[in-house]
Amino acid sequence: MQPKIIPSIVLAAGTALLGAFAAAGSAKGDTVAGRSAFEKRCTGCHALDHEKTGPRLAGVVGRKAGTVSAFPYSDAVKKSAVVWNEAVLDKWLTDPETVIPDTDMAFRLGNPVERAAIIAFLKETGK
C-alpha cells in the first residue's frame with residue numbers, strides 16, 4: 001500500500017505547483033492587459049509619472065487620496081480619508097461619487113474585467 005501513497009503525494013504536489021504557476025501567469029496577464037486598458041481608458045487624463053488633467057498614478061495603490069503635492073485636487077478629495085487599495089479603486093472606477101462625493105472625476109468604467117486589469121497594472125507600478 002505504501003507505493004500508492006507516494007504517487008498520490010507527488011500528484012498532489014504537482015497539482016499545487018501547476019496551480020501556483022497558473023496563478024502567477026494570470027497575474028502577469030492581468031498586468032499586460034492592464035497596461036493596454038490603462039493606455040486606452042486612462043491616459044487622456046492621467047500619466048504614470050507626471051500630472052495631466054488628473055494626478056500621476058504610479059504608486060497610487062496604498063497612497064492616501066489627495067496627496068500628490070503638485071496636483072490641485074478638489075476640496076472633497078483633499079478632505080477625504082480614502083486610501084487607495086484594490087477594493088476602493090474598483091469602486092472608484094465604477095462610480096467615483098460613491099467613494100468621494102463631489103469629486104471632479106466624472107469617468108466611469110463599467111467593465112469589471114478592464115477595472116481589474118487596470119488595478120493589477122497600477123498595483124505593479126508601485127513596486
Side-chain angles (χ1 to χ4, degrees):
M1 285 198 178
Q2 286 181 340
K4 291 182 182 178
I5 293 172
I6 292 174
S8 297
I9 292 170
V10 170
L11 179 61
T15 302
L17 187 59
L18 285 174
F21 284 137
S26 174
K28 178 68 174 166
D30 287 347
T31 303
V32 171
R35 174 183 288 280
S36 176
F38 177 83
E39 289 170 356
K40 178 180 175 184
R41 300 288 190 184
C42 306
T43 57
C45 295
H46 294 277
L48 292 175
D49 59 355
H50 63 277
E51 282 59 60
K52 291 176 82 173
T53 304
R56 72 185 77 169
L57 293 180
V60 70
V61 177
R63 185 167 71 208
K64 184 181 179 306
T67 58
V68 172
S69 62
F71 188 78
Y73 293 97
S74 67
D75 287 340
V77 173
K78 286 190 270 189
K79 292 176 183 176
S80 79
V82 169
V83 175
W84 301 115
N85 63 38
E86 292 169 73
V88 173
L89 283 167
D90 185 59
K91 192 173 177 182
W92 174 261
L93 290 171
T94 302
D95 184 359
E97 288 286 326
T98 63
V99 178
I100 304 174
D102 299 323
T103 182
D104 291 339
M105 183 158 147
F107 178 79
R108 285 163 177 65
L109 182 57
N111 184 323
V113 173
E114 279 188 301
R115 285 195 313 267
I118 289 168
I119 293 165
F121 170 67
L122 289 174
K123 191 172 177 183
E124 285 297 310
T125 68
K127 293 182 177 181

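Because only heavy atoms are used, hydrogens play no part in the values below, and waters and symmetry mates are left out as well, while side chains stay in.
Open room surrounds NZ on Lys79; 12 or fewer heavy atoms of other groups in view lie less than 6.0 Å from it. Other residues, nucleotides and ligands contribute over 12 non-hydrogen atoms within 6.0 Å of the CZ atom of Arg63.
Counting Ile, Leu, Val, Met, Phe, Trp and Tyr side chains that sit under 4.5 Å apart, directly or through other members, Val99 shares a hydrophobic cluster with Phe38, Leu48, Leu57, Val60, Val61, Val68, Phe71, Tyr73, Val77, Val82, Trp84, Val88, Leu89, Trp92, Leu93, Ile100, Met105, Phe107, Leu109, Ile118, Ile119, Phe121, Leu122.
Residues satisfying the salt bridge (charged side-chain N to carboxylate O under 4.0 Å, His left out) test with Lys78, not counting sequence neighbours, are Asp75. Qualifying side chain to side chain contact (heavy atoms under 4.5 Å, CB included) partners for Thr53, counting only residues two or more places apart in sequence or in other chains: Cys45. Residues satisfying the side chain to side chain contact (heavy atoms under 4.5 Å, CB included) criterion with Ala70, sequence neighbours excluded, are Glu51, Arg56. Taking the side chain to side chain donor-acceptor pair (under 3.5 Å) definition, one finds that Glu124 meets it with Lys127, sequence neighbours left out.
Nearest heavy atoms, Ala117 versus Ala33: CB-C, 4.0 Å. Listed here is the closest heavy atom pair of Pro101 and Ala76: O-CB, 3.3 Å.
Here side-chain hydrogen bond (donor to acceptor under 3.5 Å, both in side chains) pairs that include residues 101-120, with residues two or more places apart or in two chains, are Arg41-Glu114, Asp90-Arg115, Thr94-Arg115, Asp95-Arg108.
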